[in-house]
Structure formats: C-alpha cells, structure tokens
Amino acid sequence: MVKKSRLLVVSIILFFGAFTPQGRSIAAVNSTSIGIVNGDTLNIRQEPTTSSPVIRKLTGGTRVTIYSKQNNWLEVDFSNIRGWVRSEFIDSQAPNTSLTKESSFTGMVTANILNVRSAASLNSRPLGSVTKGLSFFILEEKNNWVKIEYKSGSFGWVPRWFLEINATKSQTGQAIKESYITILHRGTSIRKKPDVQSDVIERANSGITYSVIKVINDWYEIDLKNGKTGYVAGWLVSINGNKPQIVKPGAEEYLRNKTIVLDPGHGGGDKGATGSRGTQEKELTLRTSQLLFDKLKAAGAAVYLTRKSDSYLQLATRVNMARTYNADAFISIHYDSNLDASIRGMTGYYYYDYQKSLANSLFVSTIGQTRLKSHGVRFGDFHVIRENSQKAALMELGYLSNPEEEMTLNSDGFQENAAAGLFDGLARFFKDIE
C-alpha cells in the first residue's frame, strides 16, 4: 500500500509538471518566497501578459506564495489558484512572514449609510450598517465587493464602490495599482482612435471589464482580449483604480454651484412598494439617491438629501427643505407598482407648467441610459411637487411589481445607469435655461 501511494504521488507530479506554463515541472521548484500585494487591486492572469484572461483579483495587503519570475512577471499562488502578476505590484517578504493589519489596506465609507451583507451580493441578507467617514480593514475582495469586520468579531460584505481605499502604511516608491473599466451599456463602441468619428473595431456588452493603459482627453485606452488596444468614451463606463472617472464633457460646468435637493421616497415605517422578491421601495430609492448625490457632489453642486437613512419623514418636511435651501431643482425618486405584474417601465411627473421642463429633461436622459419602457412625462397630483414652489419633478424608475424588472432595478448596472441618467438630465436642464 505504501509503495502504491508513493508511485501515485510521483505520477501526479510528473503529469502536472508536463503541462505547467513554459514546460516547467512543479517538482523542479525547490524554493518559494512570500509576497504582499502593494496596490489596491491586482489581477492574477493565466499567462504572463496583459492580454491573458484574469482568473482572480487580489486586494492590497494580500499575501501570496511566489514560485518563479519571468521578465517583469511573477508566478504566484493564492488559495490554490496559480497564475501570473506584474512584479512591481508585489513586495517580497521572507518566508512565513505573517500578514498584519499594519500592512493591509483600509476603506473609508463614502455613503451616508451603507448596508453590510452576508455575501458579496445585493440580494444577500443585511447584517447591519456602517456610516460615512468610518474606516475598516479590507480582509478580502470578490466581484467588486469587499469583506470587512464591521464590529468586533462580526464580518460582512459591502460594495467596494462606496469605499475610499487607503493604505495604512507609506506607499512611497511603490507601484500604482492597476485600473480597469466596466462597460455600462450594451453595444458600447470600442474605437480605433479616441474620437467619436473613428472606426468601431468591436462592440462590448454591459458588465465586461478591460484594463486601462492610459487616459487621452475624455477617452480610456484599453487592452482588448485579442492583445490589441482600443478606445472607449469615459462617460460610458465606470472605473476602478487610480485613473480618473470621466463624466460626459461639459456636464460639470452646468451643475457647479447649483443647489439640488434629492428626495428618496418613503422610509421608516413607510416601506412604499414591495417587489415579489421582497425588494422594498424605501431601500431602493435611498440607494439611487446616494449614487446620484455622490455624482452631483463631485461635479461641484450643493446637494441635500431629505433623508440619509431608513427614517420616516413627513411630506411637508420634504417640501420645506426645497424652500429652505432655495433649491434650483428638487427630485423625488420612487419605484412603481401595479396589480398587473406584466406592467413595466418608467414615468416622469410634474404638477405646474414651470416644473415640466425639468421632468422632461430628467426623463429623456434617464430613459436613454436605462432603456426602460417609456410611459412618458405626465401631470401628477403628488404632494411633494404640488406643494412645491421650486422647480420639482417626481420620477418613477420602473415597476417592482414586475418580477423581471425588479431584478433589473436591483442590479448594480441599472442603479449606475439611473443615477447617470438623472445626472445628465439635470445638466441638460440647467444648460437649456441659461
């Protein structure tokens, strides 16, 4: 029995050694070292080239085992996943060096209130919440979510895009993290040159990611899967990494110094509509509002939320905030429901004629971004716009009562597109009235 076991082990080593990259035998590797990821996010690739598929992403401070080096690439292992990373993103350590919190990365919460969930998904169970300005050590990353210890002995997952990542040790002389973009819209054009008149070399679907080489004006130069490069307009993607997020040219110009009040519908004991999968309107309206809040704040607008958490607020109080701040625009964000579960789509509402242009601008831009079915802009007898002396609109961003649409409305891609559409709609509105 002992002889057979030894023979089996030798056979396995020889078999797998014959198929490792560059023909090296695993048995031939007689020494390893430990490395620590020194950037925010690092791709592990199948082969030592930027055109090779990404098989895993690592966060700053992650410890890996280093097996070999080829030019500027290191062959590493993490959790039994073996692949290649760029050597400048790894700090070599002595074998068996333990990873401490002092050498890892932290994330500071940028949302006013952020749910901590049991898994890396918006559909997973909420465990608790964290608030803006708090920082947490990042323990793991998965699909653009990070795991944190949100209170002593309790762990959960939060979306990475609501955190500002910082190193807890000096990064002087260390490599800058790799950046990658995510396509937001189906059929987005990848062009030969950074120009809308340039030839389209391929079209990408929403959710696909590409590594960023550099930024040229308002365009990202990206690595394509075939090893070539292309260009994508920066306002059609979201970006993760050290490169800047690009918004549609000129948008900030019309939003800077504008006062905008965002009203996440419902809250507290008033849940609003509830979807067939349990989605509560009050949670979704706050999520959309927070995304839009961040975009407007970055553009230089003075932005206020009628509520920043799951709290009940009277309708009159919401309207009074628009008057108190002398808002240039008031937007009440909602999601719809109907007994007929087949109904889907988006509707914009106004009450007074002086509110109609705002509702139209928001609706046209958001429909264009989200591709929802259009129910148009119409008169609506709602308190928050009827009693509002400011330019105000109420937007119903889809039907939670439609199971398929409910899934769409919950997705990260839709939420990003809805916020981007409302952002562009506001910019267009202010541009048109100047």
Side-chain angles (χ1 to χ4, degrees), residues 161 181-189 205-207 218 232-239 245-255 258 260-265 281 284-299 301 303 305 328-336 344-350 355-378 380 391-400 405-433:
W161 57 92
I181 57 96
T182 302
I183 301 295
L184 297 178
H185 312 289
R186 182 179 180 181
T188 293
S189 298
N205 286 330
S206 59
D218 294 318
V232 61
W235 58 90
L236 300 177
V237 303
S238 62
I239 187 163
Q245 174 69 61
I246 297 170
V247 297
K248 202 161 188 176
E252 320 93 286
E253 176 185 349
Y254 302 104
L255 291 164
K258 298 298 184 183
I260 300 162
V261 174
L262 303 179
D263 175 37
E281 183 182 1
L284 212 53
T285 59
L286 184 59
R287 182 178 160 200
T288 310
S289 298
Q290 287 172 334
L291 280 171
L292 179 56
F293 177 94
D294 291 340
K295 290 179 181 293
L296 292 169
K297 199 77 173 176
V303 197
L305 288 168
D328 296 303
F330 174 97
I331 307 173
S332 190
I333 295 174
H334 290 259
Y335 288 87
D336 224 330
R344 55 169 55 202
M346 175 181 162
T347 314
Y349 291 97
Y350 66 93
Q355 299 171 340
K356 189 174 183 179
S357 60
L358 173 61
N360 275 325
S361 185
L362 293 171
F363 183 84
V364 169
S365 291
T366 309
I367 275 288
Q369 289 274 11
T370 61
R371 305 297 182 186
L372 290 182
K373 180 179 179 181
S374 172
H375 291 296
V377 176
R378 59 183 71 170
K391 292 177 180 177
L394 186 146
M395 311 304 292
E396 295 276 8
L397 301 175
Y399 279 80
L400 288 173
E405 186 150 280
E406 180 187 6
M407 291 181 64
T408 298
L409 302 180
N410 267 304
S411 70
D412 296 341
F414 174 85
Q415 287 295 311
E416 178 64 34
N417 289 344
L422 293 169
F423 177 92
D424 287 343
L426 275 167
R428 177 187 296 183
F429 168 70
F430 290 125
K431 178 182 178 181
D432 289 344
I433 64 176

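We count residues from 1, following the sequence as given.
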Trace of the side-chain contact (heavy atoms from CB on, under 4.5 Å) decision for V232 with I183: CA-CA 9 Å; V232 61; I183 301 295; 4.3 Å; yes
Side chains of [X] and [Y]: does their closest heavy-atom pair fall under 4.5 Å?
X    : Y    : answer
L397 : I333 : yes
V377 : M395 : no
V261 : I331 : no
D328 : I260 : no
K373 : M346 : no
R287 : Q415 : yes
F414 : L372 : yes
K258 : F429 : no

L362 backbone acceptor or donor facing R428 side chain under 3.5 Å: no
Whether E405 side chain and R344 backbone form a donor-acceptor pair below 3.5 Å: no
From CA spacing to verdict: side chain to side chain donor-acceptor pair (under 3.5 Å), Y349, S332: CA-CA 10 Å; Y349 291 97; S332 190; over 6 Å; no
At their closest point, which heavy atom of [X] faces which heavy atom of [Y], and how far apart are they?
X    : Y    : value
G265 : T285 : O-OG1, 2.9 Å
F363 : S374 : CZ-OG, 3.2 Å
A419 : L291 : CB-CB, 3.8 Å
A393 : L358 : N-CD2, 4.0 Å
T288 : A418 : CG2-CB, 4.4 Å
Y399 : G345 : CD1-O, 3.3 Å

Any pair counted as side-chain hydrogen bond (donor to acceptor under 3.5 Å, both in side chains), so long as it reaches residues 358-368, sequence neighbours left out: none
Polar side chain donor-acceptor pair, S357 to Y350, under 3.5 angstrom: no
Salt bridge (charged side-chain N to carboxylate O under 4.0 Å, His left out) between K295 and D424, intermediate numbers included: CA-CA 10 Å; K295 290 179 181 293; D424 287 343; over 6 Å; no
Salt bridge (Lys or Arg N to Asp or Glu O under 4.0 Å) against D336, all qualifying residues, sequence neighbours excluded: none
Cation over ring face, K391 and F330, 6.0 Å, 45°: no
Spacing of L284 atom CG and L400 atom CG [to the nearest 0.5 Å]: 6.0 Å
Atom pair CG (L262) and CG (L296), whose distance is rounded to the nearest 0.5 Å: 6.0 Å
